[in-house]
Amino acid sequence: MSDRRKMFPAPRHILIAAVAGVIAGAVAVYVSTTLPGNKTPQPTVAADTSSASPADKLCAAKAEKAKAVGAAAVGHVAAMMPADPPQSLKTLAFNDPDGKPMTIADHAGRTLLVNLWATWCAPCRAEMPALDALEREMGGEEFEVVAINVDTGDDTKPKKFLEETGVSSLGHYRDNTLAVFNDLKKRGLALGLPVTLLIDGEGCLLANMNGPAEWASPDARKLIEAALAK
């Protein structure tokens, strides 16, 4: 009888082993799909442009440019993924530093690194000085870092934070309604904060990422240079 027990595990042991296998499998799937900078190629699906707007059709034609920008996203900015396909974000709306309504279209002709942040988002706060440094070094007629604060309420907390951290080169763009975040969420571009978008001078999304990055780095500068390349 003892020999039979050695050959055939008890049902309880079989059940425990099965549960452990399921848990291990779930953990393996989670890790493989959430590693920072994971660029596992996704199946390519032909986009249906039959009902697309003229702006989206214009942007969809920039797939090769988006791939080139994506290829330049390495190292500290490796999580930046090429838009597939590129889409128009010209109507993305928020307030300018004077509190007046504006859209991405108002920045026509200038490549933008749009970043959504909030004072209650620790990773957002941590990367703001780096975004400020990038704007200070590369900002100009051809490029701007557009950091949009999405705190609800008035400007008191975000302005105090910018002053305390010495952030001075970034414009104080705002949207206290979270409408800009919800718009990006509907498009499948925003999962949480921070969210960063690389948009060309015609309002076309070239690349995007969720999560923080080291924007005051040579890797970030090379990425912007790739976006600016003609």
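The structure presented is a predicted model; accordingly, all values stated were derived computationally and were not measured.
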query: How many angstroms lie between atom CD of E144 and atom CG of L170, to the nearest 0.5 angstrom?
result: 8.5 Å
query: Closest approach of A83 and A66, non-hydrogen atoms and distance?
result: O-CB, 3.7 Å
message: Closer than 4.0 angstrom, basic N to acidic O: yes or no for E64 and K67?
response: yes
task: Return the minimal non-hydrogen interatomic distance between C124 and L116, and the atom names on each side.
output: SG-O, 4.3 Å
- prompt: Would a hydrophobic clustering, with Ile, Leu, Val, Met, Phe, Trp and Tyr connected at side-chain separations under 4.5 Å, put M81 with I199?
  reply: no
task: Side-chain contact test, heavy atoms from C-beta onward, threshold under 4.5 Å: evaluate it for L193 versus W120 and give yes or no.
output: yes
Which atom of K65 lies closest to which atom of A226, heavy atoms considered: NZ-O, 3.0 Å
query: When you look at NZ of K90, are more than 12 heavy atoms from neighbouring residues, nucleotides or ligands closer to it than 6.0 Å?
result: no
task: Could you tell me whether the side chain of D219 and the main chain of V77 form a donor-acceptor pair under 3.5 Å?
output: no
query: Quick one: CG on N115 to CG on L198, what's the gap to the nearest 0.5 Å?
result: 12.0 Å
query: Can you hop from L131 to M80 via hydrophobic side chains spaced under 4.5 Å?
result: yes
message: Test your reading of the model: is there a side-chain donor-acceptor pair from D56 to the backbone of Q87, 3.5 Å cut-off?
response: no
message: I want to check something: taking the side chain as every heavy atom from C-beta on, are T119 and R125 in contact at a cut-off of under 4.5 Å?
response: yes
query: Taking side chain as C-beta onward, heavy atoms only, is V146 less than 4.5 Å from M102?
result: no
message: How close do A72 and K222 get, counting heavy atoms only, and between which atoms?
response: CB-O, 4.4 Å
Exercise: identify the closest heavy-atom pair between D132 and G166: OD2-O, 3.9 Å
- prompt: Please walk me through it: do I224 and E137 pass side-chain contact (heavy atoms from CB on, under 4.5 Å)?
  reply: CA-CA 11 Å; I224 302 307; E137 181 176 347; over 6 Å; no
message: Using every non-hydrogen atom in the two residues, find where A227 and L206 come nearest and quote the distance to one decimal.
response: CB-CD1, 4.4 Å
W117 reachable from V180 in the ILVMFWY side-chain graph, under 4.5 Å edges: no
query: Does a donor on one side chain sit under 3.5 Å from an acceptor on the other, for D154 and T156?
result: yes
query: Atom CZ of R174 and atom CG of N149: how far apart are they, to the nearest 0.5 Å?
result: 4.5 Å
task: With rounding to the nearest 0.5 Å, note down the distance linking CG in N208 to CG in L184.
output: 9.0 Å
message: Parallel, tilted or perpendicular: which one describes the rings of H107 and F94, with boundaries at 30° and 60°?
response: parallel
- request: Consider only side-chain heavy atoms of I, L, V, M, F, W and Y, link residues closer than 4.5 Å, and tell whether F143 and M209 are in one cluster.
  value: yes
- prompt: Within a strict 4.5 Å, meaning less than it, do heavy atoms of the P194 and P123 side chains meet?
  reply: yes
query: Do D175 side-chain atoms and A93 backbone N/O form a donor-acceptor pair below 3.5 Å?
result: no
message: Test side-chain contact (heavy atoms from CB on, under 4.5 Å) on M128 and L162; report intermediate values, then the result.
response: CA-CA 8 Å; M128 287 301 290; L162 296 176; 4.0 Å; yes
task: State plainly whether one hydrophobic cluster holds both L189 and Y173, where clusters connect Ile, Leu, Val, Met, Phe, Trp and Tyr through side-chain heavy atoms under 4.5 angstrom apart.
output: yes
task: Please step through side-chain contact (heavy atoms from CB on, under 4.5 Å) for the pair I148 and F181, ending with a clear verdict.
output: CA-CA 10 Å; I148 306 173; F181 176 83; over 6 Å; no
- prompt: Can you tell me how far the CG atom of L205 sits from the CG atom of L112, to the nearest 0.5 Å?
  reply: 11.0 Å
- prompt: Would a distance-only check, ignoring hydrogens and angles, find a side-chain to backbone donor-acceptor pair under 3.5 Å from E135 to V145?
  reply: yes
- request: Please tell me if the side chains of P101 and N95 come closer than 4.5 Å, counting only heavy atoms from C-beta onward.
  value: yes
Nearest-0.5 Å distance, CG of residue L92 to CG of residue D183: 5.5 Å
